[in-house]
Each structure stands twice: as C-alpha cells, then as structure tokens.
Amino acid sequence: MPVESLFARLEPLLARVNKPIQYVGGELNSQIKDWDDAEVRWALMYPDAYEVGLPNQGVQILYEILNERDGVLAERTYAVWPDMEKLMREHGVPQFTVDAHRPVAAFDLLGVSFATELGYTNLLNALDLAGIPLEAADRTDEHPIVIAGGHAAFNPEPIADFLDAAVLGDGEEIVLAITEVVREWKAEGRPGGRDELLMRLASSGGVYVPKFYDVTYLPDGRIQRVAPNRPGVPWRVAKHTVMDLDSWPYPKKPLVPLAETVHERYSVEIFRGCTRGCRFCQAGMITRPVRERSITTIGEMVEGGLKESGFTEVGLLSLSSADHSEIADIAKGLADRYEGTNTSLSLPSTRVDAFNVTLANEFSRNGRRSGLTFAPEGGSERMRRVINKMVSEEDLIRTVTTAYASGWRQVKLYFMCGLPTETDEDVLAIADMARRVIQAGREATGRRDIRCTVSIGGFVPKPHTPFQWAAQCDPRTVDRRLRALRDELRRDKEYGRAIGLRYHEGEPSIIEGLLSRGDRRVGKVIRAVWEDGGRFDGWSEHFSYERWVACAEKALADEPVDIDWYTTRERDEVEVLPWDHLDAGLDREWLWQDWQDALAEVGVEDCRWTPCYDCGVCPTMGTEIQIGPTGKKLLPLSVV
Amino acid sequence: MPDGPAPAPVIQRLRVRYAKRGRLRFTSQRDVSRAVERAVRRAGIPVAFSAGFTPHPKISYTGAAPTGVASEAEYLELGLTDTRDPARVRADLDAALPPGLDVLDVVPAPAGTSLADRLQASEWRVRLDGVDPGVADRAVAAFMAAERVEVERLTKKGRRRFDARAAVFACELDRRAPEAADAPSAILRMVVRHVTPAVRPDDVLAGLRQVADLAPPSPPLVTRLAQGPLDEATGELADPLDPDREAVPPPGGDAGTAHGAAQERPAGTESADVVTTRP
Ligand code: B12
Ligand code: SF4
C-alpha cells in the first residue's frame with residue numbers, strides 16, 4: 001500500500017504556526033528510506049516538543065541502529081504544540097513523522113520513549129491525532145503496535161491500557177529482536193493477527209504485553225495479584241542490558257537540527273549504570289551494573305561525531321561522569337586534542353570532591369569558568385546518610401574552596417526537599433551549608449564577588465528503589481519548609497546576598513508521584529486529564545495541578561483509592577506493588593533491607609570498589625561490572 | 001582566569017549569495033546562522049573568531065528574508081583567517097549545508113566596500129492560490145494608482161501604521177504564469193525598495209486588501225528573487241556582487257569567482273511551492 005507524504009497538506013498550516021521549522025525535518029544526518037522497500041517500519045516518538053525531544057539520545061540511537069539495517073525503516077515524530085494541533089484537527093491532518101511526513105498510523109510499530117512520566121498526556125494526544133484508538137483493546141490489525149521504552153517504562157502500569165507493549169532497559173538489541181519477530185510474522189502472512197504477534201513478543205520474555213496480565217484488587221484498594229491470563233506468558237518480564245558498549249558506538253551520526261533545541265552538542269555516554277547506591281535515584285537502581293565505554297571508543301566517537309555534526313560542544317554523559325576509571329585521561333586527552341579549536345567540553349559533574357574540580361579545570365582550560373555544580377542532595381549529614389549520599393560537610397567545603405581558588409566564581413548546589421524522615425531542621429541545614437560555602441570561598445580568594453546558588457527539587461519516590469515503599473511528603477509541608485529556608489537566607493545580612501535560592505512549588509511533584517507509583521487505575525485519570533485539554537505536563541505554563549486533582553476525583557470516584565493513597569501513603573513489605581512483575585534485577589529483599597538501612601541511617605558502599613553486596617542484579621541478569629582502566633591514552637589527531 | 005591567545009586576524013573576506021528553498025523556507029534567521037556556523041566547521045573553512053570569553057565566528061548577514069519566505073538571493077559575509085579559493089568555498093559550503101540552503105555564488109570582498117549599501121531593493125514573487133488573476137490584476141492597479149496606502153503591522157513594539165505604497169517601485173501580475181486547471185492562482189511580481197520601516201510583501205498584500213478587498217483564502221507563497229542596486233530607468237536589479245568581481249582580479253584564471261551556480265540550479269526549485277525532495 002503506497003503511503004503519500006502529508007507535506008502538501010501540512011505546508012499551508014506551517015505559515016500559521018509558531019516556529020514552523022520544528023515540523024519540517026531535514027536535519028543533517030536524518031534519513032528517508034524507501035517505504036516500499038522496507039519490510040518493517042518504525043515510527044519513534046519522544047512525547048515532548050521537538051526542541052526537547054530531538055536531542056534525546058535514546059531516540060537518536062534507536063533511529064540510527066534501525067535505519068542501518070536493510071529492509072527496516074525508522075522515522076521520528078514529536079508532540080505538536082497546541083497551535084499546530086488546532087490546525088491539524090481543523091484540516092484533518094494526522095500525526096506525522098518529520099522525516100518523510102508520513103502518517104504515524106501507517107507504520108508497523110510506534111515506539112515511544114519515556115524518560116519521564118510527564119509525557120503520558122502527550123502520548124494520548126499523539127495517538128488521537130494519528131487516528132489510532134487510545135485503548136489497545138480497540139486496535140485492529142490495521143494499527144501500529146504501540147511500544148513504550150525508556151526509564152518510565154519500568155512502571156508502565158498507569159498507561160498499560162494505552163500500550164500494546166513495553167520494554168525495560170537498554171533498547172539497542174531488543175529493537176532488532178522485535179523487528180525480526182515482526183518481519184517473520186509479516187512474511188508468514190500475519191497469522192493469527194495482532195494477538196499472535198503480541199503473543200510471539202510476550203513469550204520471548206523480553207517484551208511486556210500488559211493485556212496478557214490480569215490485575216486483581218483487594219477490597220481496600222491494594223493489589224491482590226498480577227498474573228498472566230494465558231499460557232506461554234511469563235510471570236515476570238526482565239529488563240535488557242547491553243554488555244559491551246564498545247560494540248554499540250551510537251550515535252555515530254548525530255542529528256543536527258535547523259531549529260533551536262535544548263541541547264546543541266554531541267553527547268557521548270561514557271558509561272551506563274551507576275552503583276553509588278543513592279536511594280532516591282531510580283536511574284541508579286534500574287541501570288545496574290556499571291558498564292564503561294573504553295577511552296579509545298570515546299575518543300573515536302567524539303572525533304567522528306564532531307566531524308559529522310559541526311557541533312562545537314561535547315558532553316560526556318553518564319549518571320556520574322567523574323566516576324569513569326579513566327576520566328582524567330579522557331579529560332586531558334580531549335582538552336589537548338581540541339585546544340584552540342573553539343570546541344568546549346562539558347561534564348555534568350555531580351560528585352562532591354576535589355578531584356572533580358581538577359577535572360572541571362581541565363575541561364574549561366580554554367573557556368570561561370562561570371559555574372560549577374555539585375549535588376549534596378541533603379542538607380544535613382543525617383539526611384545524607386538516609387539517602388546514602390555519603391558526602392561530609394568537610395569534603396564539600398574543601399571541594400568548593402578548591403573551586404573558588406581555581407578561579408570559579410559561582411557554585412551551584414542541588415538538593416531535594418521532602419525526603420523520607422526529613423525534618424524542618426534538615427532543610428534549614430541547607431542554609432548553614434550555603435553560608436559555610438560562601439565563607440570558605442571568601443577566605444580562599446579574598447574576594448566578595450563569589451556566589452552560591454541553591455537549587456531544590458521536590459522528592460518523588462520511584463519504583464524499583466528502596467524508597468518505593470516510602471510516603472511522599474505532602475506538598476504543604478514541602479512548601480512550608482522551603483519558605484522557612486528562604487526566610488532564613490533573606491534574614492542573613494552577612495551572606496544572604498551571595499546566596500541564590502531556586503525551588504519549585506510542591507504540588508507538581510505529587511502528580512509526578514501519582515504517575516510514578518500508580519497502577520492501571522491511574523490510566524483513567526490520565527485519560528480524563530487529556531480529554532479535559534491536558535498536554536505538555538512537563539511545562540509549568542501548561543501543567544495544571546487543579547485539573548489533575550479534579551480529574552482524579554472524578555475518575556477514581558468509584559475506587560477505594562485517591563491521589564493521597566498513591567502518593568503520601570507508606571506501603572508495607574507484603575503489599576503487592578504495581579511493578580512487582582517487572583524485573584529490574586534488583587532483589588526485593590535487598591531493596592527492603594536497604595529501605596530499613598535508610599531508616600536506621602546506615603550507609604552502603606559502591607560495589608565497584610568493595611565486594612558485591614548482592615543487590616541481585618548481576619546474577620539475575622547474567623551481567624557483571626565492566627570497568628577499566630585499560631591503560632590506553634587518547635592520541636592527538638593526525639589531521640585536525 | 002586564562003585569557004587565551006589573541007584570535008587570528010581576518011585575512012580574506014568572502015561574500016556569499018545563498019538560497020532558501022522548499023521546506024527550508026521555514027527556517028528563521030537564527031536557524032540559518034546556526035546551520036551556517038556548523039557547516040563552516042564541517043567544511044573546514046577557516047572562519048575567524050571574535051575575541052572574548054564566548055568567541056563568535058565572523059559571519060554577518062544582510063537583510064534576511066522573513067521566516068516562511070523562500071529566497072534565491074540571501075547574502076552573508078565570511079571573515080577568514082587564511083585565503084581560500086571562492087569556488088572551493090562555494091562547493092564545500094554548499095555540500096555541508098542541508099539541501100534547501102544552497103550556496104549560489106561566492107566572491108572575495110574588496111576592503112572598504114559595503115554590500116549592504118548595494119542592496120537597495122528586492123524583487124519578490126508572490127503566489128496567491130485561490131485568487132482569480134483578473135481580480136488580482138485590478139487590485140494591483142488600484143494599489144499602484146494610490147498615492148499612499150496606510151497599513152498596520154504587529155511589531156515587537158506593538159501595532160505600527162505606515163505607508164506601504166511609496167516603497168513599491170513596481171508591482172504587476174505575472175501573465176506568463178500558466179493557469180492551473182483545477183484552481184485559480186495569481187502570481188504577482190514586485191520590486192520593493194528597502195526603506196525604514198521595511199515594507200515587505202506581506203505589507204503590500206495588506207495594502208491590496210485595503211484598497212481592493214483582496215483576501216487570499218490561503219497563505220501566500222513568497223519568494224525573493226533578487227536583491228541589488230535598482231536601475232530606475234529599466235526597473236531591473238543589478239547583481240550586487242558584480243562590482244566585487246570587477247574589483248578583484250581572479251588569482252588563477254577564471255577560478256577566482258564561483259558565479260554560475262545560480263543558473264545551474266535544478267529545474268523546479270525556483271519557487272517556494274516546490275518541496276525539495278531528498279534522495
Ligand atoms: C540529558 C538529560 C536530560 C536533558 C535532555 C533530555 C532529552 N531530550 O533527552 C534535559 C536537560 C532536557 C533533561 C530534562 C529532564 N530530565 Co533528564 N536526563 C538527562 C540524562 C543526563 C541523560 C539522558 C540520556 O540521554 N541517556 C542516554 C540514553 C541513551 O538513554 P535512554 O534515553 O534511557 O534510552 C535508552 C533506553 O531507555 C531505551 N529506550 C529509550 N526509549 C525507548 C523506546 C523504545 C520503544 C525502546 C524499545 C527502548 C527505548 O533504549 C535507549 C538505548 O539503550 C539522564 C541521566 C542519564 N545519564 O541517563 C537524565 C534523566 C533521564 N533525567 C531525568 C529527569 C527527572 C529529567 C526531568 C524530568 C527533570 C525535570 N524535573 O524537569 C526533565 C524532563 C525532560 C522532558 N520533558 O523530557 C531523570 C529521570 C528520572 C528517573 N527515571 O529516575 C534522569 C535519569 C536523571 C536522574 N538521575 O534523575 N534531561
Ligand atoms: S549484583 Fe553485586 S556487583 Fe552487581 S550491581 Fe549488585 S551489588 Fe553490584
């Protein structure tokens with residue numbers, strides 16, 4: 001069946017919307033493959049605006065890997081802004097891909113990447129615009145298989161009704177495996193229709209098909225059981241782990257947009273996974289174990305990526321980049337190599353130690369030293385023991401002193417508010433810390449123009465972490481503590497003016513909490529919010545707390561549960577959690593013990609440098625820690 | 001804080017004519033300038049940088065066409081730290097830019113000359129789908145007969161009223177345009193002087209609506225065909241790069257300039273309404 005480009009119908013609309021360039025594609029390194037030559041066709045979506053979605057590494061990687069294969073075609077689609085949505089609805093233009101402007105509904109698969117839960121309403125909007133029935137149960141053989149991936153897919157239950165499938169973990173290998181299953185099924189003449197295809201995917205054990213599982217509830221609202229509803233479907237679905245990052249050096253040809261986007265740089269993941277064991281961090285728990293990319297591959301990727309893109313900035317990405325076993329050689333090697341080329345290097349630095357400053361100095365060798373970021377996350381030493389972010393105040397002061405002494409003028413400190421067991425004093429301790437930072441800085445430099453910015457986010461308990469059982473702090477308490485902190489800093493004559501404070505209101509975190517730890521019943525809330533006009537929930541100007549609360553009240557009226565039940569309620573050890581049948585490899589008993597250790601303020605080490613403490617991931621997933629050093633160095637380039 | 005070495009000085013300045021075609025007409029000026037900066041890097045063209053903590057490449061633009069408008073005649077100037085063959089720069093820069101941003105002409109700029117001074121007027125082509133050519137013709141006649149046509153435009157500083165008539169040197173219906181069988185379509189060609197406040201084809205269309213109630217049912221497709229010095233006698237726009245070509249003797253025979261590309265453009269890409277398809 002030939003599929004026409006929608007561009008001719010879209011073009012007249014483009015003249016009437018904001019930033020039309022985001023809808024026209026044509027990025028450098030984007031690809032348009034022949035529709036009829038392809039046996040399997042993927043539409044990949046990042047469910048946010050193009051400016052946020054385009055730089056997403058996950059989508060770029062999968063796009064490139066799929067398009068490299070013969071007979072496979074992948075195109076991209078993003079959430080359209082309300083002005084465009086209105087015109088598309090008026091003129092009957094469906095959700096389209098930006099590559100060849102093909103209708104999303106014409107593809108075999110729609111893969112959606114959820115880095116955050118805040119994209120759920122945008123998923124519904126895209127499905128609706130595409131003409132794909134919202135509920136998976138209403139779809140026929142004509143419709144694409146809708147698959148979710150990304151970190152939020154580790155608990156896809158709130159959107160389970162809208163998904164045909166979800167995939168946990170690294171996508172590189174599994175998208176190719178899924179492609180093979182679809183190719184075979186199509187080649188055989190689509191036996192058994194959509195259900196058989198989903199069955200083939202589900203029985204592999206690596207793809208979760210929500211509709212093959214029934215969830216039953218206890219009268220009080222808790223889950224009684226989640227069980228497969230047909231033979232051949234595994235009880236638990238496991239995550240995927242790519243074990244040799246060097247053999248997956250993507251993106252090789254980064255997409256370079258014409259439109260302005262949030263990140264204009266070539267990013268290389270220098271490792272995956274993190275075993276520091278911060279108890280609030282879902283990413284650190286679900287991406288274990290640590291797998292480093294070698295210094296040699298990193299060097300080659302940076303060289304190729306810059307050449308292919310013309311970018312002037314390189315980002316070394318990971319969950320804690322300073323922890324790479326050869327980070328010093330990488331930093332020095334790249335700084336040497338690109339000296340004098342107006343290429344800047346960036347490293348999202350979060351670890352609080354002096355070594356990090358040395359690294360940052362190396363990275364800013366040719367540029368300016370504006371700001372350095374550290375994330376102590378908790379204001380008091382006690383709080384940091386609870387969350388297992390083992391940084392002493394002395395370490396922090398020593399680190400910032402080094403930073404100010406090496407010419408940095410501004411230090412940014414990240415914290416969370418609303419952590420389990422937190423008291424008012426724990427939050428006020430942030431003010432003390434900031435004061436000591438400024439004091440140390442003034443002493444080290446003899447100057448008064450140094451600054452410190454304190455940035456605070458609300459804590460949201462996440463699935464597959466030791467805090468998955470914790471009560472989320474209610475927004476009133478969070479707001480009260482943050483105001484007290486603000487007043488405390490304002491009162492300070494000596495240091496107050498040198499300290500900036502940035503924080504968000506507590507309410508949005510509650511909705512994030514609802515979506516993070518929700519079960520299938522939350523799907524009704526998401527649908528109601530979307531029907532009421534809810535879109536772009538990651539954007540404060542579009543997000544409406546009142547709408548979410550009102551819709552939740554209506555949608556959950558017949559259920560024994562409400563927003564509080566999902567968020568501010570502590571769970572006990574035996575409660576069946578909505579994601580218990582989804583296997584991140586973490587041993588449930590270990591997680592519970594770590595939760596108890598948190599309450600007892602007992603820390604846990606990093607298994608990279610101490611013996612394995614049996615979190616369960618490696619034996620369950622057949623993986624192991626992969627770290628250097630390799631002893632290799634980055635060579636200068638022969639031709640720059 | 002490290003100050004770094006002083007940036008290398010500009011040795012050669014090049015003037016570049018480029019086109020914005022097909023779907024790339026939706027790029028804004030910022031989009032274009034980012035794309036050019038990256039293309040210059042990928043093509044290995046030695047562009048000079050300004051001094052300071054955030055060095056900027058020395059690339060300057062003159063009078064860019066608005067977002068959504070296609071163009072065959074946009075201009076920019078590059079400051080290089082070394083001498084390069086303009087023909088090579090034309091080919092390399094064109095290859096490094098996405099299809100639809102096409103480099104047409106590159107000439108060395110003699111010191112002390114200003115390109116902006118030569119860009120006195122623009123020639124525009126405006127396609128109005130769904131408008132009967134006869135109706136458009138009468139509207140244009142009424143507009144040209146008027147002394148003054150006050151129009152309003154929403155600017156960053158609020159609503160502004162100004163005269164759209166005086167800047168229009170010529171405006172007429174393009175009678176060579178073939179009539180489409182299914183839907184009527186009128187094509188206007190206009191030569192508009194560069195004045196302040198700028199009068200753009202949009203403003204002229206607002207003027208046509210004002211004097212003759214001409215209200216096209218769909219957004220106009222606008223293409224800038226040329227910019228340059230205006231010969232008042234003939235109404236023609238001269239090539240603004242010609243003086244540079246005459247001033248600088250080509251270093252190695254006729255390889256010195258890279259003219260000619262404008263004629264080589266593939267058939268069918270001269271109007272905004274053609275979507276560039278890529279292989
Ligand atoms: C760069 C980055 C950003 C950037 C760029 C975002 C972007 N457009 O990509 C910016 C600054 C904009 C950003 C913003 C936010 N971020 Co952020 N970000 C990151 C960071 C540092 C890297 C992400 C990345 O590129 N990873 C590498 C890629 C390859 O991994 P991936 O996307 O997960 O994709 C792989 C798999 O998940 C899978 N996959 C992905 N999609 C799909 C789809 C299908 C169908 C399949 C089969 C597989 C699949 O395959 C891919 C390859 O293996 C991570 C931390 C980290 N190192 O991961 C945080 C992180 C992802 N961000 C996070 C958060 C919270 C946010 C914000 C919500 C912050 C906020 N409160 O505003 C916003 C949300 C933005 C939005 N609306 O989408 C959290 C996620 C929370 C969690 N799950 O625990 C992280 C993990 C940081 C952290 N430790 O807390 N972020
Ligand atoms: S199983 Fe052991 S080595 Fe592997 S991540 Fe867990 S604690 Fe570390």
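Labels below follow one simple rule: chain letters A, B, ... track the order of the sequence lines, proteins then strands, and each chain is numbered from 1.
- Within residues 258-268 of chain A, the residues approaching chain B closer than 4.5 Å by heavy atoms are, in numerical order, A/Leu258, A/Ala259, A/Glu260, A/Glu264.
- Contact of the B/Arg34 side chain with the A/Val256 side chain is not registered, since no non-hydrogen atoms from C-beta on lie closer than 4.5 Å.
- Contact of A/Tyr23 with chain B is not made at all, since no heavy-atom distance falls under 4.5 Å.
- The neighbour count for A/Arg451 CZ, taken as heavy atoms of other residues, nucleotides or ligands under 6.0 Å away, is above 12.
- Contact of A/Thr312 with chain B is made through backbone and side chain together, with heavy-atom distances under 4.5 Å.
- Of the inter-residue distances, the one linking A/Phe311 atom CZ with B/Arg42 atom CZ reads 10.5 Å to the nearest 0.5 angstrom.
- For B/Phe26 against A/Ile21, the heavy-atom pair with the smallest separation is O-CB, 3.4 Å.
- Ranked by heavy-atom pairs under 4.5 Å with chain B, the list A/Ala15, A/Ser344, A/Ser309 is led by A/Ser309.
- Other residues, nucleotides and ligands contribute only 12 or fewer heavy atoms inside 6.0 Å of the CD atom of A/Glu4.
- More than 12 heavy atoms of other residues, nucleotides or ligands lie within 6.0 Å of NZ in A/Lys33, so this atom counts as buried by the packing criterion.
- Atoms CZ and NZ, on B/Arg30 and A/Lys19 in that order, are 9.0 Å from each other to the nearest 0.5 Å.
- Residue B/Ser218: no heavy atom, backbone or side chain, is found under 4.5 Å from chain A.
- Here CG of A/Leu10 is found 9.5 Å from CZ of B/Arg23. Values are rounded to the nearest 0.5 Å.
- Proximity to chain A (any heavy atom under 4.5 Å) is shown, for B/Ala39, by neither the backbone nor the side chain.
- Neither the backbone nor the side chain of B/Leu97 has a heavy atom closer than 4.5 Å to any heavy atom of chain A.
- Counting heavy atoms from C-beta outward, B/Arg38 and A/Leu28 have side chains that stay 4.5 Å or more apart.
- The local environment of CG in A/Asp70 is sparse, with at most 12 non-hydrogen atoms from other residues, nucleotides or ligands closer than 6.0 Å.
- When all heavy atoms are compared, the tightest approach of A/Pro12 to B/Pro219 is O-CG, 3.3 Å.
- Other residues, nucleotides and ligands contribute over 12 non-hydrogen atoms within 6.0 Å of the CZ atom of A/Arg89.
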